[in-house]
Colleague: 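Here you go, one structure.
The sequence lines fix the lettering, A, B, ..., with proteins before strands; numbering per chain opens at 1.
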Amino acid sequence: MAVREAEPITSLREVKEAGLDREDLLDIYRHMLVTRGIEERGHILYKQGKIPGSFYTGRGNEASAVGVATAMGPDDWGTPLHRDMGVHVTRGVEPWRIFAQYMGRVDGPTKGKDGNVHMADSNLGLIAMVSHLPAMLPVAVGCALAFRIRNERRVAVAWFGEGAAARGDTHEGMNLAGVRRLPVVFVCDNNQWAYSTPTYLGYGIEHLADRAAAYGFEGVVVDGTDVLAVYREAKRAIEKAREGGGPTLIESLTLRMEGHAVHDDAFYVPRELFEEWARKDPIERYRTWLRENADMSDEEEDELTGGVKKLLNDAIRRAEESPLPDPDTLAHGVYATPEELDTPHHK
Amino acid sequence: MAVREAEPITSLREVKEAGLDREDLLDIYRHMLVTRGIEERGHILYKQGKIPGSFYTGRGNEASAVGVATAMGPDDWGTPLHRDMGVHVTRGVEPWRIFAQYMGRVDGPTKGKDGNVHMADSNLGLIAMVSHLPAMLPVAVGCALAFRIRNERRVAVAWFGEGAAARGDTHEGMNLAGVRRLPVVFVCDNNQWAYSTPTYLGYGIEHLADRAAAYGFEGVVVDGTDVLAVYREAKRAIEKAREGGGPTLIESLTLRMEGHAVHDDAFYVPRELFEEWARKDPIERYRTWLRENADMSDEEEDELTGGVKKLLNDAIRRAEESPLPDPDTLAHGVYATPEELDTPHHK
Amino acid sequence: MAEKTYLQAISDALRQEMRRDQRVFVIGEDVGVYGGAFKVTLGFQEEFGPWRVIDSPLSETAIVAGCTGAAIVGMRPVAEMQFADFVSCAWDHLTTVAAKQRYRAGTPVPIVVRLPSGGGFSGGPFHSQNPESSFAHIAGLKCVCPATPEDAKGLLIAAIEDPNPVLFFEHKHLYRRIKGEVPDERYTVPIGKARTHRAGEDVTVVTWGAMVYTADEAAKQLEADDVSVEIVDLRSVMPWDKGAVLESVRKTSKVLVLHEDTRTGGFGAEIAATIAEEAFEDLDAPIKRIAAPDTPVPFSPPLEKAFIPQVDDVAAGLRELAQNYMNCLDLALPSPRTQDA
Amino acid sequence: MAEKTYLQAISDALRQEMRRDQRVFVIGEDVGVYGGAFKVTLGFQEEFGPWRVIDSPLSETAIVAGCTGAAIVGMRPVAEMQFADFVSCAWDHLTTVAAKQRYRAGTPVPIVVRLPSGGGFSGGPFHSQNPESSFAHIAGLKCVCPATPEDAKGLLIAAIEDPNPVLFFEHKHLYRRIKGEVPDERYTVPIGKARTHRAGEDVTVVTWGAMVYTADEAAKQLEADDVSVEIVDLRSVMPWDKGAVLESVRKTSKVLVLHEDTRTGGFGAEIAATIAEEAFEDLDAPIKRIAAPDTPVPFSPPLEKAFIPQVDDVAAGLRELAQNYMNCLDLALPSPRTQDA
Ligand SMILES: Cc1ncc(C[n+]2csc(CCOP(=O)(O)OP(=O)(O)O)c2C)c(N)n1
Ligand SMILES: Cc1ncc(C[n+]2csc(CCOP(=O)(O)OP(=O)(O)O)c2C)c(N)n1
Ligand SMILES: [Mg+2]
Ligand SMILES: [Mg+2]
């Protein structure tokens, strides 16, 4: 079975059909700007020595992350990975907490216990990733299993990279989801590289979305720089899952626009490829679309970018005020206490 | 991509084209009889209390195991599983050693360290299975990798059950084999049940062979009760791999004709299914074919079955003479010594 | 109150919890129509339906990771490994995700993984193992190893209630062999509290699981020598009841740590090391460990018998300790320590 | 002979072996053009080509199981885990297949798995672990943990030569920090033999890997107190050099076991337990363990610093032991033991 290749979105009419009003469209833009802004600022903080450890960004993946997250319902759950900052932003994590996380401060979602994008706010329906890829994918399948057991109209979204697609966890999760037709959507962030490893050394087929057929569900390839097309495909897949139609595998094609992490200059990626994909920059592309199709005015844009700038400046300031964790808390919280389960999810 | 469904073999001409002469045809028959005989006798020994632990048979899978093993070259390697006694028999393991293995005697291939089909003679190009399924599949891929590194015209064969196809190891092994186009043939013993679990609870597609497309190689479904068709497909796949054509996934369809192991009466398998597949018994089917197409005479048949009977009687006698291991040897052999690597394979 | 096998106690406890709490479900290979390889969930699917008694694909990572996901959104999953040995296939998930999620991200993972473990039936290297030591080293997991039917029930319910990932090691050799009175009503046995299986004065045995019975037989042998043995059944190795162990050691001054898992790096080492650090001054003899030798579990009966600690091995160990004690008394003045110094 | 970093010693040793022996190949994520995450195989692919320096998919089981298959048919594979932490994804293969194949089936599995391990860089819970204790418990595996460039080379070559699966733990914190003279010619350091990193009389420290240097700094502090510390660098934890440890303990009568991995069930427990069993009469003080606390490795610098044993922690531990020794002398007659008895 050949996968379906999604068409780009070209007109406002199509967007409306997909369920977005103008407010939503601007929100999407704002989320993409905030996402990139957080990572750009993070990079600077890293260079200033304010962020310990390593530093990763998802530059080039903003449309994909924000597009999918926008399509999720408020009660849906997801397991975003290290290129998916846009998911956290879209679901409402406050940027200052992300900077606090980066800097290992107590107000980061992990309180300094873990670093960089290894975080999530479970009150926003997100589960924190681990390094091991893609260990969270079968966890998302487990969320979907619970939704199915309880007959809830909720969906889980599992992200994974095209490199991580080689791991057994991908397979076990997808197979279980397929055989039980669970309400889960798999989103492959195919950014063409896994660290220094190009796709042709990672797998022997053209489209990873073709793997969906091996599990009995649908696959679709979407241009990951087209936020509206990503949104439309995610929305379709999520609503299909919600209606009992089973999983979908969405392969979102982008290019990882920076090195694997801050220490990596990506010498192994042909320069022309970077140039080619820079021309398709998802934020620039969407900005143009908004101006051409949604009458985004100069004032609107200035207000928006100004707002983002202020948000980030304030966020960094607030994060820097957050203290480093007290070493005496080192051993706290290895085990949960019964009271912790008295949350809305554990009823 | 739809998988290819292999045609049955109907005439002697086809068989000759596939590279078998009449001697080979009778050998195949003998190997199938020996295979079933070993397991039937084993079952009796088990009931007599002479075999400790549990006991598994591959009844119904004799054609598949013998057919594939017959297609392998002498320098090829394989990792047969618990339904594949026919592979050991065809590659030349002496039956008395198998009985010794069953009974935990020192002359079994594992010297009493392991039981039942968890054995192999590495001098015959076989690697002993572990219980964990299908942990040996990526090991076979590793053999193929070595052949490729050394530019040898050798092939590895990896068996796995349709149930075990759900495990991550299957995926990782096939993905590596696919991306590197390694000389390995994957043989799925699809006997429709994984213990009590039917295929529709194991995976969400019709033919497991379809998974080959997810890794960029060919898949084929063959009737596992037709030893000659199995042989032909295995031969094709093995020679293709030998010529640099990469892996093939062969799904061999049978029914597990007994319970999962001796303690299991398989109440969960519809009786009619057993009856239906009993009519397709691979040995009976091949016997008829030999009589109709290869002029197997009564005398020939009697000689053959008589020979097998004697072989097995002698084998059991000899195995029973083999001593149980000395408890003082318990801790021997956990670690290998350097001298052990002075074997033909380690040059 | 009724007499039940260890197996029945586990089965009944699980059924009781499932009746009581809609959030509890079971998932594993062949747990449905077949009732699981050991029939612990026999009849469950009829009662609770196929979505609370889930026959999974042969897929340990998907089973356990699936439980984690379900737990995070509010379920109380109980996974069955067909044999404890196969949990190696879920090692990464358990140690990487389940064990660390609470600490890192503040997300409790209330899952239970049931693990039919232990040898004694010629199950061979892959159907006989006792992997509790490996998991007990991983912060964030709990490891429970009941020895009696009553504890099996109370600890299983405690495990399901516990907001953390709990590995529940059920010893297969106890399943049908061990019977005992089990209260009908719901109750929990606290995880981390040892039980004095046998009170004694002269030597302490610290053990758990099936070895409790081996120790008990050995203790009976020692009665003839007028040596009184105290058996501390840990009931869980993570957390383990250090207080109870140290208390017993302070009383007897001699200790034998016994387990069925292999010796080197087994959890017995932790117990012995802790005693050596915290009760050193109370000891009258070296801390003895008896455990399986450092080999895979062999299949053939004479080898397996030599592998699993037997009553005679334990009795011999106890005698040696008692003996050593006598020698110590002789040497009391001047003590061996001062001679070295 | 030339001065080299620990990293360079490993890289050069591997290159030397690959030049010498066609059977040796390397496989791992990004080991080719990129030269591996830590650049150990930088330039290797140019020299040896893409079939002896194999960029694998992100697939730890396939990498390590693939090595096993290749080894069985005659190769000498060296796998690289990008970080030691990711070896959890190959746990099942290593413990189920590689560790047991020789014992069960008589099939040697001569593979090496290189594991960049250890913390100290805010790598967080998944880029900082020291998983040697988990593997050391599994019979059939060997675990090597060199501390010096010279040992790193000699032990890596010994590991490649060894007919068994060897896990080679390279401490990342030593990679570029530690330099030393490394002979140019090919040589091996026997696996299982400890090295006296520092000779002393009063207290023994048993340790390995990066903690050797922590212990050394602490020992220097203790010089001021006139306490002479002996440091035994185990160099491999499986097999571990019990003889050398017991010998040192017999000399000093006081021992501190130190490791960077977490405490409970860490390999230090095995060492302490063995000493408590076999050198009990030689001890003048409780056996002390210093290790990381039982938590995942935290990311934020103040937490990570509190997690990894620091020089001051070790020095304090040594002082306490030395102190205890003094007390012991006071109490020598009558000894605390006889009071209890
Ligand atoms: C199991 C595992 N092995 C190795 C790594 C180290 N690693 C981190 S990211 C990465 C590449 C991931 O590639 P991909 O899945 O395509 O995601 P991308 O980083 O390209 O978004 C690797 C190998 C890991 N995180 N997990
Ligand atoms: C990893 C793992 N989990 C569980 C088992 C227990 N088990 C043994 S055979 C079996 C069913 C295997 O089914 P399949 O792969 O179809 O092979 P078959 O026995 O049908 O030939 C199961 C679940 C196992 N061997 N390995
Ligand atoms: Mg990628
Ligand atoms: Mg089957």
Side-chain angles (χ1 to χ4, degrees), chain B residues 51-54 100-106 108 110-116 118-119 129-135 160-170 193-199 201-204 260-261 263-264 266-268 323-335, chain C residues 27-39 45 50 54-63 65 81-83 85-93 119-129 262-264 292-308 310:
Chain B
I51 294 181
S54 190
Q101 166 79 7
Y102 282 166
M103 297 192 286
R105 308 301 175 95
V106 291
T110 68
K111 306 189 165 125
K113 298 284 175 55
D114 206 338
N116 53 69
H118 294 184
M119 54 161 209
M129 68 176 286
V130 295
S131 283
H132 297 51
L133 296 169
F160 67 111
E162 92 293 340
R167 281 257 302 121
D169 287 16
T170 320
W193 257 269
Y195 209 150
S196 75
T197 308
T199 53
L201 292 178
Y203 51 87
H260 170 65
H263 65 271
D264 169 22
F267 68 87
Y268 47 81
L324 284 163
D326 178 349
D328 288 346
T329 63
L330 168 62
H332 294 181
V334 176
Y335 291 92
Chain C
I27 181 167
E29 292 150 18
D30 308 294
V31 296
V33 170
Y34 198 75
F38 297 96
K39 305 291 182 188
Q45 199 171 61
I54 303 176
D55 274 317
S56 74
L58 202 166
S59 213
E60 282 74 11
T61 292
I63 293 169
M81 298 285 99
Q82 197 153 82
F83 284 79
D85 310 71
F86 301 129
V87 75
S88 54
C89 300
W91 169 265
D92 176 52
H93 174 78
F121 312 88
S122 292
F126 307 113
H127 289 75
S128 310
Q129 294 174 89
T262 54
R263 177 181 172 98
T264 300
D294 294 321
T295 76
V297 188
F299 162 76
S300 191
L303 297 178
E304 193 190 23
K305 182 148 178 283
F307 177 85
I308 296 180
Q310 303 291 319

Colleague: A side-chain contact here means heavy atoms from C-beta on lying under 4.5 Å apart; do C:Pro293 and B:Leu330 qualify?
Modeller: yes

Colleague: So what's closer than 4.5 Å to chain C heavy atoms on B:Asp326: side chain, backbone, both or neither?
Modeller: backbone

Colleague: Identify the heavy atoms of B:Leu324 and C:Ser300 that sit nearest to each other, and give their distance.
Modeller: CD2-OG, 3.6 Å

Colleague: Would you check if B:His260 and C:Tyr34 make a side-chain contact, meaning some heavy-atom pair closer than 4.5 Å?
Modeller: no

Colleague: Among B:Ala194, B:Ala166, B:Ser196, B:Gly53, which residue forms the greatest number of heavy-atom pairs with chain C at distances under 4.5 Å?
Modeller: B:Ser196

Colleague: Which bit of C:Ala62 is near chain B, if near means a heavy-atom gap under 4.5 Å: side chain, backbone, both or neither?
Modeller: neither

Colleague: Does any heavy atom of chain C fall under 4.5 Å from the side chain of B:Val334, the backbone, both, or neither of them?
Modeller: side chain

Colleague: Taking C-beta and beyond as the side chain, do C:Phe299 and B:Lys113 meet within less than 4.5 Å on heavy atoms?
Modeller: no

Colleague: Given heavy-atom pairs under 4.5 angstrom as the criterion, report whether the side chain, backbone, both or neither of B:Tyr203 touches chain C.
Modeller: neither

Colleague: Check step by step if side chain to side chain donor-acceptor pair (under 3.5 Å) holds for C:Asp55 and B:Thr197.
Modeller: CA-CA 7 Å; C:Asp55 274 317; B:Thr197 308; 4.8 Å; no

Colleague: Suppose we screen for side-chain contact (heavy atoms from CB on, under 4.5 Å). Which residues come up paired with C:Glu29, at least two apart in sequence or across chains?
Modeller: C:Ser56, C:Leu58, C:Glu60, C:Ile63, C:Gln82

Colleague: Taking C-beta and beyond as the side chain, do B:His132 and C:Ser88 meet within less than 4.5 Å on heavy atoms?
Modeller: yes

Colleague: C:Asp85 versus chain B, heavy atoms under 4.5 Å apart: side chain, backbone, both or neither?
Modeller: both

Colleague: Among all residues two or more places apart in sequence or in another chain, which pass the ring-ring contact (aromatic ring centres under 6.0 Å, His included) test with C:Phe38?
Modeller: C:Phe83, C:Tyr175

Colleague: Looking at side-chain heavy atoms only, is the closest gap between B:Leu133 and C:Phe86 below 4.5 Å?
Modeller: no

Colleague: Compare all side-chain heavy atoms of B:Pro325 with those of C:Leu303 and state whether any distance is below 4.5 angstrom.
Modeller: yes

Colleague: Without swapping roles, check the side chain of C:Ser122 against the backbone of B:Pro52 for a donor-acceptor pair under 3.5 Å.
Modeller: no

Colleague: Any side-chain heavy atom of C:His127 sitting closer than 4.5 Å to one from B:Ser131?
Modeller: yes

Colleague: Given heavy-atom pairs under 4.5 angstrom as the criterion, report whether the side chain, backbone, both or neither of B:Glu162 touches chain C.
Modeller: neither

Colleague: Which atom names give the shortest non-hydrogen contact between C:Thr295 and B:Ala331, and what distance separates them?
Modeller: CG2-CA, 3.7 Å

